[in-house]
Amino acid sequence: MIQVAGLSQTFKARTGTVEALRNINLEIANGEFLAVIGRSGCGKSTLLRLIAGLLRPSVGGVLLAGEQVTRPRRDVAMVFQRPALLPWRTVLDNVLLPIEIFRLKRSEHQDHAMRLLAMTGLTAFANRLPHELSGGMQQRVSLCRALIQRPKVMLMDEPFSALDALTREELAVELQRIHMELGTTVVFVTHSIQEAVLLADRVAVLSARPGRLRRLVDVDIPRPRSFGHNAHLEQVATVSAELHQLLLHNDEPQQHTPEPRPPRTRTRRGVLT
Amino acid sequence: MLAIAIWWLATEAFDVDPFFLPGPPDVVDAFGRLPGYLLRETWVTLLETLIGFGIAAAGGLVIAVVLAASRTVERMTLPLIAGINAVPKVALAPLLLVWIGFGSQPKIVMVVLLCFFPIMISTMAGVTSTPSDLGELAHSLSASWWQTFLKVRLPWALPQVFVGLKVATSLAIIGAIIGEVIQPDRGLGSVVVSSGQSADTPLAFAALTLLAVMGATLFYLVAALERMLVPWAKAVSS
Ligand SMILES: Nc1ncnc2c1ncn2[C@@H]1O[C@H](COP(=O)(O)OP(=O)(O)O)[C@@H](O)[C@H]1O
Ligand SMILES: [Mg+2]
């Protein structure tokens, strides 16, 4: 679905040049859920914006469904950290914004919009203004607005990080359900290991500036997954620990420093599910 | 209300000569003496104010949009506009007399001169303050410049536009009065001038009261329009 080949990005800032990303190579399968994780400032948003075609890469390129990405596409939807809703539009009108921008018939998509609102439990709020909704509900609206495009790919930039912990977990579980239902390819930027392990098929760990792909970690835990108690606690713990390790010892050359817990192997590939 | 009561009490208690500071009864009496005359002149001033305000609002909005659309146009013309705005408008009044002559037109021009700049500046501030995530959203949907402007930037600017409009309501009346005082052939400004000449202070106060009422009404009309068009503004700013 998505091929990222030799991607590098350098910004010209007033104080000189900033190398945000260096030589990223990635292949994301159709329907895959890829989490991108890394410290702040390591180029996660930049990677997403390059895939979205919001930014021209300095070097390398992105292929999406076999086509070079040069500008934003209609079958790629973005969800930002903040809901980015238009405060003067009702919830329903916000969800229908892409339809208007694409100059499609509103009446033909109204039902779809209402179905999406129903799916996220917002039916009763269709005619409210965004400021009447809680932060979590607002982010659900922005999710609906992305889904109305029937995207092949969803690019999500820390979509839950501005929410409180409980709402964050709730939305993550909801996103998992939506992903299982629709099979959309998702690239999901986060700095929460917990979220990555709950949602992702694979986790791409980026190193600090310049952002390089440090490791791709498989998460072979059967879905639906849930936070807290389940049959795969051990696997969750092992993957989480590995991600933790990768993030903490960011720029040291990879070495196997013994860690107190969990006393398990660190590779994920042999795990049976 | 309280202000009027204090005013009344003060004039009664200290037995002020109505020539210096007339009490409310003297002013009411002035209304009673010349109601037709006062209403006619009020109407003249009101028309000048409204026409000038309308022209300034339309012009200010359009120019602001043009300047916001193009940075080169902005760089070329904004210094000129700011320079013109810096000229004291009172000093222009005699020139307007030479250029346009008598009648309502020079007063309307004065109103436009006073109102245009604040409306334009606040509109520009509004359309250039679109939050970056809304801009990015529009970009990610491949919205055209015009779509982004109509669906995002302009609605976002409306609260700011109304700040400019509300400031301009009082400036509009001031503009009309400057014009009428310098060229006292009509309007409430001329009433103030002629009542000064005939030492009829209560009449001048009656005219000033009418101006105050007009100013407050205009302000609250614009504020009501704002509440109708941008009910979301309060929620966003808080
Ligand atoms: N438009 C830009 N101009 C200059 N520097 C930028 C720009 N966008 C991002 N950067 C820089 O690139 C680096 C990566 O930014 P970003 O992708 O936002 O990181 P992250 O999302 O991982 O926190 C940062 O150092 C940031 O300052
Ligand atoms: Mg970021």
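Residue numbers start from 1 in every chain, and the chains themselves are labelled A, B, ... in the order their sequence lines are given, proteins ahead of strands. From a predicted model like this one, the values you see are computed outputs, not experimental measurements.
- More than 12 non-hydrogen atoms from other residues, nucleotides or ligands lie less than 6.0 angstrom from CD of A/Glu174.
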Start with the C-alpha distance between B/Glu136 and A/Leu54, add both sets of side-chain angles, then the distance that settles side-chain contact (heavy atoms from CB on, under 4.5 Å), and finish with yes or no.
-> CA-CA 8 Å; B/Glu136 186 122 288; A/Leu54 292 169; 3.9 Å; yes

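- By the neighbour-count criterion of 12 heavy atoms within 6.0 Å, atom CZ of A/Phe11 is densely surrounded, having more than that number from other residues, nucleotides or ligands.
- Atom CZ of A/Arg168 has more than 12 heavy atoms from other residues, nucleotides or ligands within 6.0 Å.
- Remark: A/Arg145 engages no residue in a side chain to side chain donor-acceptor pair (under 3.5 Å) (not counting sequence neighbours).
- Scanning residues 140-157 of chain B against chain A with a 4.5 Å non-hydrogen threshold yields B/Ser140, B/Leu141, B/Ser142, B/Ala143, B/Ser144, B/Gln147, B/Lys151, B/Val152, B/Pro155, B/Trp156, sorted by number.
- Contacts with chain B were tallied for A/Arg73, A/Arg71, A/Arg103; A/Arg103 has the most, counting heavy-atom pairs under 4.5 Å.
- Residues B/Leu134 and A/Leu85 form no side-chain contact, since every pair of their non-hydrogen atoms from C-beta on lies 4.5 Å or further apart.
- Residues that satisfy the side chain to side chain contact (heavy atoms under 4.5 Å, CB included) test with A/Ala200, not counting sequence neighbours, are A/Phe33, A/Ala35, A/Val203.
- A ring pair (Phe, Tyr, Trp, His ring centres under 6.0 Å) check over residues 80-124 of chain A, counting only residues at least two apart or in different chains, returns the pairs A/Trp88-B/Trp232.
- Comparing A/Arg89, A/Glu132, A/Arg49 by how many heavy-atom pairs each has under 4.5 Å with chain B, the most go to A/Arg49.
- Surrounding CG of B/Leu95 are more than 12 heavy atoms belonging to other residues, nucleotides or ligands, all under 6.0 Å away.
- Heavy atoms closer than 4.5 Å to chain B are found in the side chain of A/Gln149, but not in its backbone.
- When the shell of 6.0 Å around CZ of A/Arg56 is examined, it contains 12 or fewer heavy atoms from other residues, nucleotides or ligands.
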